[in-house]
Amino acid sequence: MEITKAIIPAAGMGTRFLPYTKAIPKEMLALLNKPAIQYIVEEGLNSNIKNFLMITGRHKQAIADHFDIAPELSQFLKEKNKLDLIQSIEKIIKAAEFTYIRQSEPLGLGHAVWMARHSIGKEYFGIMLPDDIISNKAPALGQLIQIAHQEKASVIAIQEVPNECVSSYGVISIKKQISGSLFQVGNLVEKPQQKDAPSNLAIIGRYVLSHKIFPALDEVSRYAVGELQLTDGISQMIKNNEKVFAYKVQGTRYDVGTPVGWVKAIIGLALQDPNYAPHIRDFISELHSTDVRLMSKSRNIFHHVA
Ligand code: G1P
C-alpha cells in the first residue's frame, strides 16, 4: 500500500480570522517567514506525499501563486546572489505536484474532500487540514501512514482535550484500546455538546483514509442537513464494516485558524528555531519582568486604596 496523495481542503472563508481574511486566504497567514500552508506541504513531503490536491475557491489565487515558479523573482535574486531566500519553496516546487479543485459553495469538509474523488484511485490517501499546524520531528501525517500500513486500515489523528472543549471538535468513541496511543474507533460525533460526548479524544486535522470514504460520503449526503461532515462519512464507513483506527500523534498542535492560536504558533515555532529563539527568549523575559513590575505596582496601589 503506497500512500502518495493528500487532500488539503483550503476553501474555507476563515470567518474566525476576519477582517484579515476578507481579501487574503487564511492559509497564507505568516508563521515566521513562511505562509502556514507551506508548513503543511513540507509535512506532507516529509511523509512521502508527492501529489497535493488543493480544494480551493474564490480569492485563493495566492496559494497557487506561492507554489509556482516566479521567473522574474528568481532572475532578480540570482543576479544578487540571493537565491537562498526562496530555496525552501523552490525545493517544494521541484518535489511536489499540485492539483487545484474548486469548491464553489461552502458545503462542508465532507463535501470538500468528496470533490477530489476523481483524482483518487482505489487507494489510501491523506487529508491535511491547514488550520492545524503540528510541529514534530517525525511528521504527523507520516506517523498515521505508518499505522495505516501496520493495521491495513484507515486512521485518524486524535488528541485529548479538556471536557469543556469537546464541542469544538469531532470526538471518537473507543471500540478497543490497542496500545497507549492507538484505539479502534467505535463511532464518531461531530462537535457534540459536552454532555453527549462519548470521550474527550478529539479529532485533529490529519487523516489517512481508504477510498471507501467516497461512497460513504455519497450515502451520508442523502440525508445530510446543511453541511456534509467528513466525520459523518467516516462513521458511515465504520457502519459499512470498514475498520478505522485513531492515533494520538506526537507533536505540538496549533490551531492557526484563530488569532490566539496563530500568536501561540509563532511563539512556539520561533522558540524552536535557532535564528529566532535567542531574540524571542530575551523579549519574553523582558516582557515578563515588566509584567512582574506592573503587577507589584498595582498591588501597591491596591494596598494604598485599601
Ligand atoms: C474540523 C473537523 C473536526 C475536527 C477539526 C480539527 O472542524 O470537522 O471533526 O475536530 O476540524 O481541527 P473545523 O475546525 O474545520 O470546524
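Counting convention: from 1, in listed order, for ligands and their atoms alike.
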(message) Give the atom numbers and elements of ligand 1 that come within less than 4.0 Å of a heavy atom of Thr231.
(response) 9 (O)

(request) Could you see which bit of Asp132 sits under 4.0 Å from ligand 1, with heavy atoms only: side chain, backbone, both or neither? (result) side chain

(message) For Glu219, I'd like to know if atom CD has over 12 heavy atoms of other residues, nucleotides or ligands within 6.0 Å.
(response) yes

(request) Under 4.0 Å from a heavy atom of Arg253: give me the atoms of ligand 1 that qualify, with their elements. (result) 12 (O)

(request) Taking all heavy atoms of Ala270 and all of Leu32, pick out the closest pair and write down the distance. (result) CB-CD2, 3.8 Å

(request) Name the closest protein heavy atom to atom 2 (C) of ligand 1, giving the residue it belongs to and the distance to 0.1 Å. (result) Glu190 OE2, 3.6 Å

(request) Work out which heavy atom in Glu2 is nearest to a heavy atom in Thr4; give both atom names and the distance. (result) OE2-CG2, 3.7 Å

(request) Mark whether atom 16 (O) of ligand 1 lies under 4.0 angstrom from at least one protein heavy atom. (result) yes

(request) Output yes when a side-chain donor or acceptor of Asn136 lies under 3.5 Å from a complementary backbone atom of Ala138, and no otherwise. (result) yes

(message) Do Ile204 and Leu230 land in one hydrophobic cluster if side-chain heavy atoms of ILVMFWY residues count as linked below 4.5 Å?
(response) no

(message) Suppose we measure from atom 5 (C) of ligand 1 to each protein heavy atom; which comes out shortest, and what is that distance?
(response) Ile203 O, 4.0 Å

(message) Counting non-hydrogen protein atoms only, what is the nearest one to atom 7 (O) of ligand 1? Give residue, atom name and distance.
(response) Lys191 NZ, 3.3 Å

(message) For Tyr276, run the side-chain contact (heavy atoms from CB on, under 4.5 Å) check against Leu271, Asn33, Ile267 and tell me which one passes.
(response) Asn33

(message) Please determine whether the number of non-hydrogen atoms from other residues, nucleotides or ligands lying under 6.0 Å from atom CG of Asn275 exceeds 12.
(response) yes

(request) Check each atom of ligand 1 against the heavy atoms of Leu129 and keep those under 4.0 Å away; list them by number with element. (result) 1 (C), 11 (O)

(request) Give yes or no for whether the N/O distance cutoff of 3.5 Å, strictly under, is met between Leu109 and ligand 1. (result) no

(request) For ligand 1, indicate whether the residue Leu230 contacts it via side chain, backbone, both or neither (heavy-atom separation under 4.0 Å). (result) neither

